[in-house]
Amino acid sequence: MKLGSDIYYVFWREMKRFWLQKTRVAMTIFQPLIWFALMGSTMNNLTQGMAAGSLMKRMMDGGTGPLLIKNFLDGAPDYMTYVAGGIIAMTALSGGIFGGTTVVWDRRLGFLNKMLAAPINRASIPLGKMLAIAVQNTIQVAVIVIIAMIFGVNFRTGLTGILLILFIAALFSMGMSGISLALGARLKSIEALFAIINMLFMPLIFSSPAMFPASAMPGWLLAFSHWNPVTYVVMPLRVLIYKGWLWKDILFGASVIVGFVLLTGALAVLQFRQSFS
Amino acid sequence: MPQKTLTIEVKGLTKIYPGGIRAVNGVDFAVAEGEIFGMLGPNGAGKSSIITMLTTLSSITGGTALVAGEDVAAHPYRVRRAIGYVSQDLAVDDNLTGWENLFLQAKFYGLTNEQVKQRLNEVLTMVNLKDRAHDLAETYSGGMRKRLDIAEGLIHRPRILFLDEPTLGLDIQTRQEIWKYILFLRKEAGMTIFLTTHYMEEADRLCDRIAIIDRGVIKAIDTPDRLKAEIGGDVITMTLNDSGRGITRAVELIKGLPEVRQVKSHAEEYIVIVENGELTVPKIFEVIRDTDTKITKITVKRPALDDVYLHFTGRGLRDEIEGSKEEGFRQRMVMRRARRR
Ligand SMILES: Nc1ncnc2c1ncn2[C@@H]1O[C@H](COP(=O)(O)OP(=O)(O)OP(=O)(O)O)[C@@H](O)[C@H]1O
Ligand SMILES: [Mg+2]
């Protein structure tokens, strides 16, 4: 029961800090807005062109039948609808992957030692932080969903589907934060952590179908995407956004993410135990 | 103080950091219940290293340490429950209010809501932060932050309070206020207090006993008065000037005077410990009159802890040391500001 209470108060602190960081809260709204406004409308036109191009190529190759934008965008009616799932996944990824920075800061400012000198369970520090990141991410994704709706994205599975979207995205951000927290506990400098985050972020996004359809990926990238957790978040999110209740796909993606969270959570706890025995 | 119960007992304590730095080199000491015990030493002497080992924050490389009757290495959790720790780093969370900082700490120590209410009131009054309790800590001055930090160390009424440089970077008024709290805590709560400092005055004013530490080794442990008495007399500091090779001989002659206890050289200066300073100065001039050596500067004073320090370590706590420390303190404050957005 002490573990539960310790986790809660670590979580409580992170949430208090979250509301104070006005820039961060503002970015939560601003960033997806930009994505939809700029990326969304540009890509809408571009993908139509790309689809047309690929249609032409197929026809010249003597391919089968007419290809619609819909097929090119994995069944989405337009790029905006297609990319909504990708933006949600990307938000969850970035919310999670930066989670470890708080450990490095806490260490630098001596707050980590203050926690470690108190009789709290070591595991409560990463777990409380992971939980806070999940909740913060839920808030961010809820904002994105609303913005997506304003931009005309129609969520096919309704409110239940949206809740499930929030849940899957939260789990994913939590899982990514586990990796980041483990790194944060191990590395002592914020620069080293940022370097690793930067090295991971872009490849994780672009080796997944978050922004561009798998059909546009070269073969080697497609092969790599099967090992990318982002792929398994984007997939059930898209199903929920525009394909409907395809339970098999949803459950498959969700269970990969649950496994991912358990794995990285364990990693973070072990790393904390090792770094701060 | 052998008749009192010991609450900290350290034997052969050693810390070697990865990379081979031997920060603490086999120290022994014991602290009695209710005592204010100070550790005095310059930058890098190993003070913080000792504190972080005793507070379970870093591993012990060698030796044993008992804190509150528990072996630190074997039962860190039990030790944590008995102690309070206020680090050198001014570790309050700027993004929380003073009240929230204290609340969080209280909850980490498992206090009930009722206890929280009562204790928070108590410590906020004590450190004089009651009217600012609901402001964010980032709006506090350095002194207020330090007081909040100390209050956090007290919230669970620890049996032993560890204070690492409790007044670093504070002005003299705030420093004196904090001294008052520390003395009050011992008197009212019977708390044992282990503190480190590099301020002589602080060690002198607060501590029942002082350990002088230098390069990881304890050079002396005693009450401030007895440490000063150990020097045995007044301290004459002089600078010598010589055209030939006569300095050694001049020093020999000075050493030969019956009033002179000891002569040490430190940097450009010679430190002479004598029984009666005012009467000895003319005799020193007298005895070296026939040599080529001239005295270019000379001062006489009663021994202070500075001299004790020099006596035991052969080095002074110099100004540059203090300068670099305060620099470090400022850097930490800048870092905090950079973090807020
Ligand atoms: N984490 C660490 N890793 C490696 N070396 C360290 C570490 N912490 C301290 N040291 C080294 O150990 C020695 C003692 O440092 P310590 O911080 O204990 O000194 P201190 O007496 O507290 O000094 P200060 O007055 O500056 O606080 C120094 O040489 C320092 O460089
Ligand atoms: Mg120190």
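Bear in mind the structure is a predicted one, so any value in this text is a computation, not a measurement. Letters A, B, ... are given to chains in the order of the sequence lines, protein chains preceding strands, and every chain is numbered from 1.
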Can you tell me how far the [atom1] atom of [X] sits from the [atom2] atom of [Y], to the nearest 0.5 Å?
X: A:N113; Y: B:L57; atom1: CG; atom2: CG; result: 4.5 Å
X: A:L116; Y: B:T52; atom1: CG; atom2: OG1; result: 11.5 Å
X: A:L109; Y: B:L90; atom1: CG; atom2: CG; result: 9.5 Å
X: A:W12; Y: B:F103; atom1: CH2; atom2: CZ; result: 5.5 Å
X: B:K107; Y: A:I120; atom1: NZ; atom2: CD1; result: 14.0 Å
X: A:N121; Y: B:F108; atom1: CG; atom2: CZ; result: 11.5 Å

remark   = In terms of heavy-atom contacts, B:A91 and A:K114 come closest through O-NZ, 2.8 Å
Heavy-atom closest pair, residues B:Y109 and A:P119 = CE2-CD, 3.1 Å
message = Heavy-atom cut-off 4.5 Å, strictly under: side chain, backbone, both or neither for B:F162 against chain A?
response = neither
note = The interface call for B:E152 against chain A, heavy-atom contacts under 4.5 Å, is side chain
message = Using the rule given for side chain to side chain contact (heavy atoms under 4.5 Å, CB included), can you reason through B:L136 versus A:L20, listing the C-alpha separation, both sets of side-chain angles and the distance that settles it, and then say yes or no?
response = CA-CA 10 Å; B:L136 286 181; A:L20 266 183; 3.7 Å; yes
inquiry  = Check this for me, if you would: do B:D93 and A:R17 make a salt bridge, where the nitrogen-to-carboxylate-oxygen distance has to be below 4.0 angstrom?
reply    = yes
request  = Tell me, for A:W19 versus chain B, whether the close heavy atoms (under 4.5 Å) come from the side chain, the backbone, both or neither.
outcome  = neither
Tell me, yes or no, whether the heavy-atom count around [X] atom [atom1], taken from other residues, nucleotides or ligands under 6.0 Å, exceeds 12.
X: A:F151; atom1: CZ; result: yes
X: B:R186; atom1: CZ; result: yes
X: B:Y77; atom1: OH; result: yes
X: B:E114; atom1: CD; result: no

ask   = How far apart are the C-alpha atoms of A:F111 and B:N101, what are their side-chain angles, what is the distance that settles it, and do they pass the side chain to side chain contact (heavy atoms under 4.5 Å, CB included) test?
value = CA-CA 11 Å; A:F111 201 88; B:N101 266 293; 4.1 Å; yes
